*Asks:* 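Right, I'll just put the structure down here and ask away after.
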Amino acid sequence: MAETTPTPASTPADPAPSTPAPPPGAKPAAPRPAGGAGASPAGTTATPKPAAQKPAAKPAEAPPPPPQNVTRREFLNYVWGASMALMLAQTVGISVLFALPRFREGEFGGKIRVSTADFPALNASPTENNLGKFWMVNTEQGIQAIYKVCTHLGCLYFWDDLSRRFACPCHGSQFEYNGKWIAGPAPRDLDRFAFEVLDANDRVIAESLDGRPLPLPANAAAVRVDTGRKTLGESHF
Ligand code: FES
């Protein structure tokens with residue numbers, strides 16, 4: 001009969017591999033926390049490491065306080081003041097413009113200086129000043145500066161030595177030596193300019209503001225005719 005080796009009914013389970021026992025005398029290892037390296041011990045919540053805090057930014061400097069708002073009353077005061085200043089400037093400017101002569105001396109529209117020698121002798125034929133557009137006459141009543149433009153429609157009239165009168169070629173008006181109307185369609189006498197008489201030192205010694213005849217003083221040296229100041233001849237209607 002063959003000999004059999006009895007087989008145990010059950011094989012005891014292999015024991016789990018265990019940590020090798022530390023050598024005698026070594027310190028027991030500290031228990032490792034579950035979950036691997038760095039894990040919190042079982043039953044505790046992991047606390048995140050706080051991020052490194054940056055230093056607080058330096059607060060910006062506060063801007064300067066805004067100017068006080070202009071009140072409605074102040075604004076209206078400013079507007080009123082500006083309006084007054086503008087009006088004053090306009091008034092002054094206009095006054096200066098009116099005060100200044102519009103024409104310079106020596107040009108038509110301004111004052112024109114002539115010598116007393118330029119005037120004719122008493123009742124002699126008139127002499128003319130083309131720059132000032134006037135005739136110079138000398139009667140018993142005095143000297144005059146008569147505008148050279150006809151009072152009808154503005155033609156230039158001439159002196160007729162034969163008839164000793166002024167005659168207009170356009171429509172036939174005629175005038176005396178002193179500018180009085182004689183005939184024709186002209187509605188009034190000839191116009192005349194104001195003038196002032198000057199002595200040798202250019203001082204005014206006589207003046208005719210309406211251009212009427214004025215006898216020449218003995219010390220008269222010059223006459224300044226104001227071609228910007230015309231007096232209309234007397235109407236005969
Ligand atoms: Fe001199 Fe008519 S413009 S008479």
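Just so you know, ligand 1 is whichever comes first in the structure, and atom 1 is the first atom listed for that ligand. All values below were derived from every heavy atom in this structure, side-chain atoms included, with hydrogens, water molecules and symmetry-related copies excluded. Along the sequence shown, residues are numbered consecutively beginning with 1. All values derive from a computational prediction rather than experimental measurement.
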*Asks:* Can you tell me if N130 and K148 form a side-chain donor-acceptor pair at under 3.5 Å?
*Replies:*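 N130 vs K148: donor-acceptor pair found between side chains.
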*Asks:* Looking only at side chains, do S163 and D160 share a donor and an acceptor under 3.5 Å apart?
*Replies:*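 The answer is yes; a qualifying pair exists.
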*Asks:* On the six-membered ring of F195, is R224 placed so that its NZ or CZ lies under 6.0 angstrom from the centre and within 45° of the ring axis?
*Replies:*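 No, cation not above the ring by the 6.0 Å, 45° rule.
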*Asks:* Could you tell me whether the SG atom of C150 lies less than 2.5 angstrom from the SG atom of C168?
*Replies:*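 Answer is no, sulfur atoms not closer than 2.5 Å.
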*Asks:* With 2.8 Å as the threshold, which protein atoms of type N, O or S lie near atom 1 (Fe) of ligand 1? Leave waters out.
*Replies:*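 The answer is C150 SG, C168 SG.
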*Asks:* Sequence neighbours left out, what passes ring pair (Phe, Tyr, Trp, His ring centres under 6.0 Å) with F119? Give chain and number order.
*Replies:*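 Once residues adjacent in sequence are excluded, F119 has no partner under the ring pair (Phe, Tyr, Trp, His ring centres under 6.0 Å) criterion.
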*Asks:* Where does the angle between the aromatic ring planes of F108 and Y147 fall among parallel (under 30°), tilted (30 to 60°) and perpendicular (over 60°)?
*Replies:*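 Parallel, since the angle between the ring planes stays under 30°.
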